[in-house]
Amino acid sequence: MSTSKGYNPFTIAQAEFDRVAGRIELDEGARQLLRNPLREYHFQIPVRMDDGSVKVFRGYRVQHNDARGPCKGGIRFHPQETADTVRALSMWMTWKCAVADVPLGGGKGGIICDPHDLSPREQEGLCRGWVRQVSRNVGPVQDVPAPDVMTSPQHMLWMMDEYEVLHGGHFPGMITGKPVGMGGSRGRTQATGYGVVYTLREALRELDLDPADTTASVQGFGNVSQYAIELYHRLGGKTLCVSCWDQRDQASYAYFKAEGIDLQELRDITDSFGGIDKVRAAELGYEILDGDAWLDREVDILLPCALENQLTAESVQRISQQVKVVAEGANGPTTPEADAVLQERDIFVIPDFLANAGGVTCSYFEQVQSNQNFFWEEGDVLSRLDLKMTAAFHDVHDVAQRRRVPMRDAAYMVAIGKVAAACRDRGWV
Ligand code: NAD
């Protein structure tokens, strides 16, 4: 799996926080509290492998802030996971929940592993082992995990089961992203990708562009990307290029079709980790380019939906003059240097913790449904999601207009303002 190209996401997350904290003249106590996580758990997870040996994995849970409600955030399985990546992601979760206006704080977890190399039984052992290490520190009223990169509803169900065994009862609200019928919410699978496109639709409206007259290029072909493309196509847009990681070659490739990709055709040749079968794609007439070629396509919209730090000072130079909007489906896909270039070029950036807040918003809906043991229809979930995402977009856009700042700074202003107020009101700072 690819790395985040040598950048430290936590350094970036703190630098972004410091910059906006200065601009809104946040007091020193709140600054100190919010630029670091409240709590961190680092642990070892021993797993009995299929060959009878024991392998020990490194696991993390970081709780950045819970002033507005229990922590919330995904668990990633990734061979290059680091404590600093998890810290950064937990901080961004705090801002995301505040921007989406859901009553939750920020957390994130991870295990250093590559599930490609693990059997389902070994993955189950890893999930149960992760819960055993943090079962006293997560739960419905403390910290509610969810799926993220390379984790699935099945992983969440194993985790819930282990938690329920340890705590002796049913606690479906301890985790979200569960399978539908086992406490999961309808619409959760689509939620992040659709949420990206609800905000994209509003941005295009502000720019007076009809989605049906636009084209896009996308990095990633996993959960976020596939559903973003699905809804974008339903609005009439055309995707010309997607890129993804090729596990066999240990490299990424971009798949390009000038007349537009066929989403279903590509889904049919994609594995459960979002990897497209290169040989079959070539047979279907896709041009196969280097992994970064998604960046330099002549399109109106870029959707980075894979990993952090993909738009860098160097790679951003490859972006075509035609690009008008970047909607960040992934967490932290743009480095500050690249962001400055996007601003100079007057490209409308929908920042990650606004654009991809659909996942956590639907996770919040799932928690509400799980706690009530009453489950909503898919249409109800998605229309509520659209309302929340649209409102969040306009809250941020109004601040951006009023204070004449980029959308990212405006999103930080909204989020940091709400979290700092909660800390102050509780008497913490
Ligand atoms: P996923 O594991 O389902 O898919 C990831 C995709 O990225 C795969 O197609 C993989 O092949 C591709 N990829 C990996 N490295 C790549 C590279 N170097 N070049 C091109 N493609 C590459 O993950 P996901 O759930 O879709 O998450 C994607 C991003 O969105 C992550 O940053 C994640 O933190 C963020 N996110 C996910 C959710 C969610 O609900 N799933 C919510 C919010 C944010």
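Computed from a prediction, not measured in an experiment: that's the story for all the values here. We number each residue from 1, following the sequence as shown. Indexing begins at 1, ligand by ligand and atom by atom, following the structure's order.
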| request: Provide the number and element of each atom of ligand 1 under 4.0 Å from a heavy atom of L307. | output: 15 (N)
| Test item: side-chain donor near acceptor, K108 and T85, under 3.5 Å | no
| request: Answer with yes or no whether R76 contacts ligand 1, where contact means a heavy atom under 4.0 Å from a ligand atom. | output: yes
| said: Does the residue E308 have a heavy-atom contact with ligand 1, meaning some pair of atoms that are separated by less than 4.0 Å? | reply: no
| Any idea how H116 and F273 line up, ring-wise: parallel (<30°), tilted (30 to 60°), or perpendicular (>60°)? | tilted
| task | Answer yes if the ring centres of W95 and F17 are under 6.0 angstrom apart, and no otherwise. | result | yes
| said: Would N223 count as a polar contact of ligand 1, with the cut-off being nitrogen or oxygen pairs under 3.5 Å? | reply: yes
| query | Just by distance, with hydrogens left out, do T151 and R76 show a side-chain donor and acceptor under 3.5 Å apart? | reply | no
| field | Contact check: G359 vs ligand 1, nitrogen or oxygen atoms, below 3.5 angstrom | value | no
| Does the ring of Y194 carry R384 above it, NZ/CZ under 6.0 angstrom from centre and within 45° of its axis? | no
| said: Quiz question: by atom type and distance under 3.5 Å, do the side chains of Y412 and E16 form a donor-acceptor pair? | reply: yes
| query | Does the N or O separation between S225 and ligand 1 drop below 3.5 Å for any pair? | reply | no
| field | Expected output: side-chain H155 to main-chain L126 donor-acceptor under 3.5 Å | value | no
| said: Contact between S225 and I229 at the side-chain level, heavy atoms closer than 4.5 Å - yes or no? | reply: yes
| Which residues share a side chain to side chain contact (heavy atoms under 4.5 Å, CB included) with T390, sequence neighbours left out | R201, E202, D386, H394
| said: Regarding ligand 1, does V224 bring an N or O atom to under 3.5 Å of one of the ligand's N or O atoms? | reply: yes
| So is there a nitrogen or oxygen of G275 less than 3.5 Å from a nitrogen or oxygen in ligand 1? | no
| message | Any heavy atom of S243 closer to ligand 1 than 4.0 angstrom? | response | yes
| query | Can you tell which of W92, F273, W245 gets a heavy atom nearest to atom 8 (C) of ligand 1? | reply | F273
| task | Pick one of side chain, backbone, both or neither for how T192 approaches ligand 1, counting any non-hydrogen atom pair under 4.0 Å. | result | side chain
| query | Can you find an N/O atom of F221 closer than 3.5 Å to an N/O atom of ligand 1? | reply | yes
| said: Please list, in number order, the atoms of ligand 1 under 4.0 Å from a heavy atom of R188. | reply: 40 (O)
| said: List the residues meeting salt bridge (charged side-chain N to carboxylate O under 4.0 Å, His left out) with D380, not counting sequence neighbours, and say none if there are none. | reply: none
| query | If we only count N/O pairs under 3.5 Å, is G274 in contact with ligand 1? | reply | yes
| query | Does K96 approach ligand 1 within less than 4.0 angstrom via side chain, backbone, both or neither, non-hydrogen atoms only? | reply | side chain
